[in-house]
Amino acid sequence: MRHLEGKRIIVAISGSIAAYKMATTIRLLIKAGAEVRVLMTPAATHFITPLTLSTLSKNPVFSEVISEESWNNHVEMGLWADAMLLAPATANTLAQLANGLCDTIVAAVYLSARCPVFFAPAMDLDMWAHPATQANVKRLIDHGNHLIPVGNGELASGLSGEGRMAEPEDLVGHLHHFFGESQGKPEVQQTMAGKKVLITAGPTHEPIDPVRYIGNRSSGKMGVALALEAAKRGAHVHLILGPSVLNPAAAHLQVTRVDTAREMFKAASGAFEQCDLAIFAAAVADYRPEQTADQKIKKTEDALRLDLVKNPDIAATLEKQKQAHQRLIGFALETQAGEEHARQKLNRKNMDAIVLNTLQDEGAGFQHDTNKVSILTAADNKLRRFELKTKEQVATDILDVAEQWWPVKG
Ligand code: CTP
């Protein structure tokens, strides 16, 4: 845990039974060499005593902006910190922070802080699943905060499901990982060293005339996140990227820009034979105009008819050339009956795995920085469901699944 040495961490606790985990978390942070200051909402003090936490953190604990003796300077605290860890983050505190409300010292310091903020929600499964909570989580992520995902398991209510706060080791691990990355000393193991990865990403644009095209809302973010994560893990990555505003660059990353499905097909075909893993993350236009007009089509008729023809299916065509060592991952973006369609696509396109996301999930799909996916793997016919996460974290989950196909020796 060397990346936490000397780091100044604000631990902000709100009122959930999971607050008991914060004693261990603070001990781990101190042991890792961090300096810790603790803030609590008044409700949190019912779950764990400030005395315990001030003893462990070796600093006074604040639970009021104004106490009988003093006014606690939230601005100074916000500027002091290298990172703020809000854990447990209750539904109420999430709602306050997402909306800029400010009636606790936790909220005041959060609004003043310039440092990265990590938040670890904790609540009952129905509260967690409620659209209001999910919207607040998404908003906090959109504001640049880092979600530490909830776990699945027994809850204090006696129910079982999603909503459990991450364990202390996990909370500290997130901070450690973050500081490792930002100091340019990635802890990421080179688990894909020597592997060649081909990724298609982004939309395609199918020209109608020199100024118009048929396209879709794909941003390319998911495929780009996969390419960067695979490169970080030491793979040689060839990214075939359609028209996207993103312009990724990294060591071991080769990018080929294309516009149309046929260009993407050609570029991917050229790279396929060499690759160990192909990930088809592109939202390829299924059809293109049969004719592309040389000149801008003028508005002369009342109606305009476009004849469309099918584009090549890149994944399905390349699958037919698959060699024994190669593994293929497809995506399925569905608006209804997601699981059923994903299973059909897995079989039809003969993929080793399909990543399913449905536009029914708030915060998932095109244009968002977050995604909520399920991964269906062919070998064991298992469907793994994941939480709403940043696309970077989703990329990590997908590659973790893929890495199981090449067990690391030793
Ligand atoms: N795909 C592809 N080439 C195409 C169409 C799709 O490589 N011309 C890939 C996508 O990158 C994705 C998978 O196939 O990995 C499924 O794409 P999707 O658009 O969800 O499915 P389609 O096969 O187009 O089926 P439908 O549009 O009927 O859902």
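For ligands, and for the atoms within them, numbers begin at 1 and follow the listed sequence.
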Checklist entry - Nearest heavy atom to atom 29 (O) of ligand 1: which of K345, M351, R348 does it belong to? => result K345
Checklist entry - Thinking salt bridges, do K389 and E392 make one under a 4.0 Å N-O criterion? => result no
Checklist entry - Which atoms of ligand 1 have any heavy atom of K349 under 4.0 Å away? => result 1 (N), 6 (C), 9 (C), 13 (C), 14 (O), 16 (C), 22 (P), 23 (O)
Checklist entry - Quick one: which ligand 1 atoms are inside 4.0 Å of a heavy atom on D286? => result 5 (C), 24 (O), 27 (O)
Next on the checklist: Would you call the rings of F178 and H146 parallel, tilted or perpendicular, taking 30° and 60° as the class edges?
Outcome noted: perpendicular
Checklist outcome for this item: In ligand 1, the atoms that come under 4.0 Å of a heavy atom of A282 are 10 (C), 11 (O)
Checklist entry - So do I26 and L53 actually touch side chain to side chain, heavy atoms under 4.5 Å? => result yes
Next on the checklist: What protein heavy atom lies closest to atom 16 (C) of ligand 1? Include the residue and the distance to one decimal.
Outcome noted: F331 O, 2.9 Å
Checklist entry - For atom 25 (O) of ligand 1, is the nearest protein heavy atom closer than 4.0 Å? => result yes
Next on the checklist: Can you check which of L356, D313, T204 brings a heavy atom nearest to atom 2 (C) of ligand 1?
Outcome noted: D313
Next on the checklist: Assess, by modelled atom type and distance only, whether the side chains of N311 and R288 contain a donor and an acceptor separated by less than 3.5 Å.
Outcome noted: yes
Checklist entry - Going by the order shown, which atoms of ligand 1 are within less than 4.0 Å of some heavy atom of G330? => result 15 (O)
Checklist entry - Any nitrogen or oxygen of P312, main chain or side chain, under 3.5 Å from a nitrogen or oxygen of ligand 1? => result yes
Next on the checklist: Any protein heavy atom at under 4.0 Å, with atom 11 (O) of ligand 1 as the reference point?
Outcome noted: yes
Checklist entry - Counting distance only, does the side-chain N/O of N350 pair as donor-acceptor with the main-chain N or O of L346 below 3.5 Å? => result no
Checklist outcome for this item: Quick note on ligand 1: atoms under 4.0 Å from a heavy atom of L333 include exactly 20 (O)
Item to check | Nearest neighbour in protein (non-hydrogen) for atom 4 (C) of ligand 1 | outcome: V284 CB, 3.5 Å
Checklist outcome for this item: Separation between NZ (K21) and CD1 (I48), nearest 0.5 Å, reads 12.5 Å
Checklist entry - Do E319 and L328 have side-chain heavy atoms sitting under 4.5 Å apart? => result yes
Item to check | Centroid-centroid under 6.0 Å between H205 and Y213 rings | outcome: yes
Item to check | Closest protein heavy atom (residue, atom, distance) for atom 3 (N) of ligand 1 | outcome: I314 N, 3.0 Å
